[in-house]
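As the structure is a prediction and not an experimental result, all values here were calculated from the model. Counting starts at 1 for both ligands and their atoms, in listed order.
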Amino acid sequence: PSFRLLFLELDVPKPDLTVKVTGKQWYWSYAYPDNGKFEFDSLLDKDKQPRLLGVDNEMVVPVNKVVRIQTTGADVIHSFAVPAFGIKIDSIPGRLNETWFKATKTGMFYGQCSELCGKDHAFMPIAVRVVSDQEFATWVDGAKKKFAANPANTYASAGQAAE
Ligand SMILES: [Cu+2]
C-alpha cells in the first residue's frame, strides 16, 4: 500500500500556479513563470523571528490553490522541505523535480534545506507566506516592479542570462 501512496503523491494535479525553486549555497531563489516571470532571492534574516527561519523575501502563494513546485539545484544538491505541507523533494543540479501543495489556511509556514550542502546548510530556511487571492495579486504587482529593478535577480537562474 505504501507504494501506491508514493505513486499517487507524485501525480501532480492541474496547478493554479507554478513556482520554480532553485537551491543555492546557501539560500533559495523563487521564480514565478505564471505571474510575470520575476525571480528573487530569499536569504536568512538574522533579526527576524522565528530564529533561523525568518528571511528577507518570502515565497508568497494564494490560499486554496494548487501550487506546483518545480525545483532544481544551482551548485550542489539541496532539498526543499516544508513539513506543514507534507512536502520534501531534492533540488538536484541538472534536474527539474516536481511536487505540489495546496494550503488551506493563510499564515506563515516554514521549512529548511534537508540535504547537507556545506557550511551554511542550517542557515537557508524556507519561508512561505499564504495569503488571500487579493493580497496575492497586490503582492505580485509590487514584486514585479521590485525584483525587475534588481539586476542580481535574473529569471530562471540558469541559462537565461546568456541570451
Ligand atoms: Cu542546502
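Within His78, ND1 is the N, O or S atom that lies nearest to the Cu ion (ligand 1).
Within the 2.8 Å limit, His121 places no N, O or S atom next to the Cu ion (ligand 1).
For the pair Tyr110 and Pro125, the minimum side-chain heavy-atom distance is 4.5 Å or more. Residues Asp90 and Glu115 have side chains in contact (heavy-atom distance under 4.5 Å, counting atoms from C-beta outward).
The angle Cys113:SG - the Cu ion (ligand 1) - Met124:SD amounts to 110°, with values rounded to 10 degrees.
Note that NE2 of His121 and CD of Gln112 are 7.5 Å apart. Values are rounded to the nearest 0.5 Å.
The aromatic rings of Phe101 and Phe85 lie parallel to each other, with less than 30° between the two planes, well short of the 60° mark.
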